[in-house]
Amino acid sequence: MEDFLITTAKVLFIFGLNMGVFAPLLTWVERKQSALMQDRIGANRADILGFSMIGLFHPIADAIKMLAKEDFIPEGANKIMHTLSPIICVVPALLTFAVIPFGGEYVIGGKHIKLVIADLDVGLIFIFAISSLATYGTVIAGWSSNNNWSLLGSLRASAQMISYEVAMGFTLVGVFMVYGSLQLTQIGAAQESFFRWGIFLQPLGFFMFLACAIAENKRAPFDVAEGESEIIAGYFLEYSGLKFGMFYMAEFLEIVTISAMVTTLFFGAWHIPFISSALILSMLSFLNETLANIILMLIHISVFWVKVIFFIWFQMTIRWTLPRFRYDQIMKLGWKILLPLSLANILVTGIVILILQ
Amino acid sequence: MIVNRNITMTWWERIYLPEIFRGISVTSNHFFRNLIGFIPALLNKDKKRKIFTLYYPDEKVEFPPAYRGRPVLVVDENGTERCVACGLCEIVCPAKCIEIQPDETELEKERYPKSFSINMARCIFCGFCEEVCPKEAIVMSDECEIADLDRNKMFYKKDQLLISKNKLQKRLNYIKEIYGKWNY
Ligand code: SF4
Ligand code: SF4
């Protein structure tokens, strides 16, 4: 019963944070950040009783607008698939969070609590398995819309996502070779000391993973699947109202997921550089064990989310800095550069591990 | 289609990653500068933001004197318009939108426009009327918000055109400078 309550609390925390804070707020962040980067002001018109709160009410206005819109299904579309595909897009983005740890292990009231919803020993493989499902969402969305632009978009999306999935898988092989585990909690725990962070052990892996992950998410510079200027909006062209919003939500949730994964795998998960958990606990030794552990837990959770927020910012910056690649360039980058480089990365990592043994 | 633009890139540029960071440093430089520039403007309404964009209907730009807004008639210190109804502007106007009815007056200038109207729906803001006027009586003001839904309201009568000299001093100085070599 107690386990059930704890797990429910964790699920509610992750779900609430993602759907309640990140998904709506990121639409605002994206507008505001792009505006500031381009010397503009950005969204600021939605106001309640004259208070515009630097545009923070825009997500609410958007939500109301989307709810009030007509739910349009084009003629000749496959109704079931058309309705299903936004859901297939959103669910994997949320589901990957089940295995991402947002804190370490704490002893609270004599109970060991791990801050991860499902501590699978094949966590990384689970993430790959689930995130590949998002491809089906986009493919089905394009196909079921009965629209040529959508079909083109979904074709592009599927080709791109499948090619980058290969490279993404190989970039992470280096990571679990170094840490000797597929379990994300163990990978996180192994990065206790600053110089054991993934970015130092797998610098090439980090850049390649980030590139692949952004390509997986179909955001600029890899947004040919949407390509507003070429194929209007690609696979979600024929969607309106809440279903359209769900595609956006999936995109934003995936940003959060990618940031969380980068943090866990390469940036020391919940650890603070040079300050180990033991040090914090010894500083809090005047408190009893449970209280000290709770404070440590809160510190670690906030450190983790600060890192995640930094990477969200970084991804937004990339999105508003780089122009879109041409389609052949994307394929070339995926198959001719990232794939051989990631294989070479595995080879070098293997040799180094062999020498060090 | 792949267009060969004959761009030769160095090896450093071709590996692309450093160039990405250069681009990101430029954009994030703007981001942080504007982010910090916002704070004094939020705390104090009079402070200027670093961003050029204005909250348009609430904030307005001050135009430079060279700006050509709607043409207006200058009113002198003695309270009458400077115009002597010579009709030069009426003739030079390429849009044929000025209509003047001259009349005699006891004042020193002897002639004055009994009615003076400009059809702002047709005016093209060329500034020829201002340039041709021998008395500097018609000048381009800095007013540009003249749009209306009703065509008849775009027909500006004399009383709508009169604007006192003090308000137009900047433009008057400016036109003296640029047209001076012909007129004076
Ligand atoms: S040119 Fe000048 S003085 Fe002559 S009618 Fe026009 S405004 Fe009056
Ligand atoms: S600005 Fe040009 S178009 Fe307008 S009234 Fe003067 S001469 Fe005519």
Side-chain angles (χ1 to χ4, degrees), chain A residues 29-47 50-56 203-211 214-215 220-222 230 310-334 336-338 341, chain B residues 1-64 67 142 144-145 147 149:
Chain A
V29 169
E30 173 144 76
R31 288 178 194 176
K32 223 49 184 173
Q33 182 176 346
S34 63
L36 288 186
M37 281 167 66
Q38 298 165 349
D39 288 340
R40 293 184 286 113
I41 290 174
N44 66 353
R45 284 289 125 179
D47 63 72
F51 292 102
S52 65
M53 287 281 292
I54 51 172
L56 268 176
L204 198 60
F206 163 67
F207 288 115
M208 289 190 300
F209 175 72
L210 199 60
I214 294 173
F222 299 99
E230 300 151 23
F310 171 78
F311 279 105
I312 291 172
W313 172 83
F314 189 66
Q315 282 186 60
M316 295 263 180
T317 310
I318 290 178
R319 190 244 178 280
W320 289 99
T321 301
L322 300 178
R324 182 185 304 147
F325 285 126
R326 230 167 37 214
Y327 195 68
D328 61 317
Q329 287 172 330
I330 288 184
M331 283 299 147
K332 212 168 110 189
L333 182 70
K336 288 193 184 164
I337 298 172
L338 287 179
L341 262 184
Chain B
M1 189 179 67
I2 299 172
V3 182
N4 185 9
R5 293 198 182 78
N6 288 324
I7 300 167
T8 45
M9 287 191 286
T10 59
W11 178 82
W12 185 251
E13 285 166 346
R14 210 151 344 124
I15 53 175
Y16 198 55
L17 203 60
E19 291 295 306
I20 292 179
F21 279 104
R22 210 160 62 96
I24 288 176
S25 77
V26 171
T27 44
S28 50
N29 189 357
H30 276 258
F31 174 73
F32 284 115
R33 214 177 48 214
N34 292 329
L35 194 70
I36 293 162
F38 247 108
I39 295 164
L42 270 186
L43 298 179
N44 185 349
K45 278 266 181 301
D46 308 327
K47 281 263 168 56
K48 261 198 90 112
R49 287 184 308 273
K50 288 261 163 57
I51 291 177
F52 319 116
T53 321
L54 294 169
Y55 294 90
Y56 165 60
D58 311 336
E59 296 174 356
K60 279 182 187 158
V61 203
E62 202 173 303
F63 292 115
Y67 183 81
D142 59 1
C144 56
E145 293 161 346
L149 290 174

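Chain naming here is simple, since letters A, B, ... match the order of the sequence lines and numbering starts at 1 in each.
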Quiz prompt | Nearest-0.5 Å distance, CG of residue Leu36(A) to OG of residue Ser28(B) | solution = 12.0 Å
Quiz prompt | Lys32(A) NZ to Leu35(B) CG distance, which is reported to the nearest 0.5 Å | solution = 10.5 Å
Quiz prompt | Any side-chain heavy-atom pair of Thr27(B) and Trp320(A) under 4.5 Å | solution = no
Quiz item: How far apart are the closest heavy atoms of Met37(A) and His30(B), and which atoms are they?
Solution: O-CB, 3.6 Å
Practice problem: Report the residues that fulfil ring pair (Phe, Tyr, Trp, His ring centres under 6.0 Å) with Phe314(A), sequence neighbours left out, ordered by chain and then residue number. | Solution: none
Quiz item: In terms of the angle between their ring planes, are Phe31(B) and Trp313(A) parallel, tilted or perpendicular, with boundaries placed at 30° and 60°?
Solution: tilted
Quiz item: Rounded to the nearest 0.5 Å, how far apart are CD of Glu19(B) and CG of Leu322(A)?
Solution: 11.0 Å
Practice problem: Please name all residues satisfying side chain to side chain donor-acceptor pair (under 3.5 Å) with Ser34(A), sequence neighbours left out, ordered by chain then number. | Solution: none
Exercise. List the atom of Thr321(A), the atom of Ile24(B), and the distance in Å for their closest heavy-atom pair.
Key: CG2-N, 3.7 Å
Quiz item: Non-hydrogen atoms of chain B under 4.5 Å away: do they reach the side chain of Gln33(A), the backbone, both or neither?
Solution: both
